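Naming: A, B, ... by sequence-line order, numbering from 1 per chain. Bear in mind the structure is a predicted one, so any value in this text is a computation, not a measurement.
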2 protein chains.
Amino acid sequence: MKALKVSARPGLPRRNNIPQILNAAEKVFSARGLAGSRVDDIARACELPKANILYYFGTKEDLYRATLERLLMHWLDDADHWLSADHAPMDAVEGYVRSKMEFSRYRPEASRIFAYELLSGGEHVKKFLVGTLREHVTRRTEIFLHWQRQGLMAEVDPVHFLFSLWSLTQAYADMQVQMAVVLGTPRLKEKDFEAGVRTIMKLVSSVCLPGK
Amino acid sequence: MKALKVSARPGLPRRNNIPQILNAAEKVFSARGLAGSRVDDIARACELPKANILYYFGTKEDLYRATLERLLMHWLDDADHWLSADHAPMDAVEGYVRSKMEFSRYRPEASRIFAYELLSGGEHVKKFLVGTLREHVTRRTEIFLHWQRQGLMAEVDPVHFLFSLWSLTQAYADMQVQMAVVLGTPRLKEKDFEAGVRTIMKLVSSVCLPGK
DNA sequence: GTCTATATCACGATAGAC
DNA sequence: GTCTATCGTGATATAGAC
């Protein structure tokens, strides 16, 4: 009923196949979500028989969760690096925004899977949300409050300010289709992301340079 | 093969059932997207036999398109009203932001269906995007440029500024699950939306009050 | 117009040969 | 470990009685 347990000494094919499957799964799930994706499509995308995928991961849902987990591990690294008290607020936020925008540009699939997941209720990431993410937000909040006490940041709600940064940057992954059509280009180019960064930084400037 | 054509003089049950079906469809599609939704669920939600739904709309996809179309008609009204040259930039944007946030609060389903649709490629709304939406953006852009020439608005890219307003406000519908968990509440309350508006308006203030 | 009962098919999962 | 062939489920869509 459940997936086979990973053996103690993983074989070579396993080590080759698993990342390949996860990459393919990320691509397919990001395009249609869990419900809209077919194991068959993932199989074709990684050029492996369908049965092999289920052999490694047991069920489609298990594979989905594995994909999500791998993705969420990378998720918070940038914030941990940039949104720290080591930087001045404006530098910190600019570094953060730029790295998130690069993420939206070069790995939009990851962002989209997460977006799908949230839209459909987030049951598969609830543990991550209440555990890791909440803790992460608490730490960022403390840094923002620290800056505010020092007069380096305007008195905005720190949590909602973080929400703003998330939504502004993720939109460049999740709404790419809409943006591309509006901008009249088949897909977003470097200059579009650059214009996005400039706009976001302009908005942020009222929070990070209160004394200006 | 195709749905029956609507008769010239619609019967009473039709007039009653169709909006009811569309309401139910909006709710169901918004929770799981097109692929994840079952016609059966929609049938249960509007307490009508499944066959009746397909009788009126032909196929699930046709019903989906009808749901989308009804929704998109309301989509741009707020922008047309608020983002006009009749208001000062700050008032215009605040009115717009508030009405979009109310939309995210009271009709998050609508926003989520659109988000699902964009994530899965937007094929069902492409005509809307290249037609109505592009035209809409062009008009807003002209107003922003007008304000900029008058020195009432900072020199940001008008299109990307509009993207920012969309993403900031839609996040309060599409990412509600995530926000609720982070804020430690089962669901977002009025005060949360109010805090969101204040944060967004603080961000916007650097664009709409350049001379401050 | 309405609804039941069913044809048809696609998909996830598995059995079992290699 | 790998892959083919297939089973069972559950979904869309329809036929046809009322």
Side-chain angles (χ1 to χ4, degrees), chain A residues 1-29 31-68 116 120 123-124, chain B residues 1-22 24-25 27-29 31-68 116 120 123-124:
Chain A
M1 146 179 222
K2 205 57 202 311
L4 305 180
K5 233 46 235 108
V6 171
S7 71
R9 199 156 56 79
L12 181 65
R14 174 180 289 274
R15 260 219 296 284
N16 285 340
N17 287 343
I18 285 195
Q20 212 165 355
I21 294 172
L22 285 171
N23 289 341
E26 188 169 302
K27 209 168 294 176
V28 173
F29 283 136
R32 333 249 9 149
L34 171 62
S37 299
R38 308 286 148 236
V39 177
D40 239 344
D41 298 339
I42 299 173
R44 258 192 300 275
C46 60
E47 295 177 289
L48 244 53
K50 181 170 68 160
N52 291 29
I53 294 178
L54 295 167
Y55 168 72
Y56 284 122
F57 288 93
T59 70
K60 178 171 90 156
E61 213 172 314
D62 287 339
L63 170 57
Y64 176 69
R65 262 190 294 270
T67 310
L68 262 180
Y116 264 119
S120 49
E123 280 311 315
H124 299 94
Chain B
M1 148 178 219
K2 207 54 199 315
L4 305 182
K5 233 48 233 107
V6 171
S7 70
R9 199 156 54 80
L12 181 64
R14 174 179 289 275
R15 259 218 299 282
N16 286 340
N17 288 342
I18 285 195
Q20 212 164 354
I21 294 173
L22 285 171
K27 209 168 294 176
V28 173
F29 283 136
R32 335 242 18 142
L34 170 61
S37 298
R38 310 282 150 242
V39 176
D40 236 344
D41 299 339
I42 298 172
R44 256 192 302 276
C46 61
E47 294 177 291
L48 245 53
K50 183 170 66 163
N52 291 29
I53 294 178
L54 294 167
Y55 167 73
Y56 285 123
F57 289 93
T59 72
K60 178 170 88 155
E61 214 172 314
D62 287 339
L63 170 57
Y64 176 70
R65 263 190 293 268
T67 309
L68 263 179
Y116 265 118
S120 49
E123 280 311 315
H124 298 95

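A sub-4.0 Å separation between OP1 or OP2 of C/dT2 and a side-chain N or O of B/Asn17 is present. The phosphate of C/dG1 (OP1 or OP2) has no side-chain N or O of B/Tyr56 nearer than 4.0 angstrom. The phosphate of C/dC3 has neither OP1 nor OP2 within less than 4.0 Å of any side-chain N or O from B/Tyr55. At least one side-chain nitrogen or oxygen of A/Arg38 sits closer than 4.0 Å to the OP1 or OP2 atom of C/dG12.
Using bins of under 30°, 30° to 60° and over 60° for the plane-to-plane angle, the ring pair B/Phe29/B/Tyr64 lands in the perpendicular bin.
Atoms NZ (B/Lys60) and P (D/dT12) sit 5 Å apart, rounded to a whole Å. Rounded to whole Å, atom P of C/dA10 lies 12 Å from atom CG of A/Asp40. Here the C1' atom of nucleotide C/dT2 and the CG atom of B/Leu48 are 9 Å apart, to the nearest Å.
The side-chain heavy atoms of B/Lys60 and B/Leu34, taken from C-beta on, include a pair separated by under 4.5 Å. Side-chain contact check for A/Asn17 versus A/Ile53: every heavy-atom pair is 4.5 Å or farther apart.
Side-chain atoms of B/Pro49 lie closest to C/dT4 of the nucleotides C/dT4, C/dA13, D/dT4. The side chain of B/Ala51 lies closest to D/dT14 when the candidates are D/dT14, C/dA13, C/dA15.
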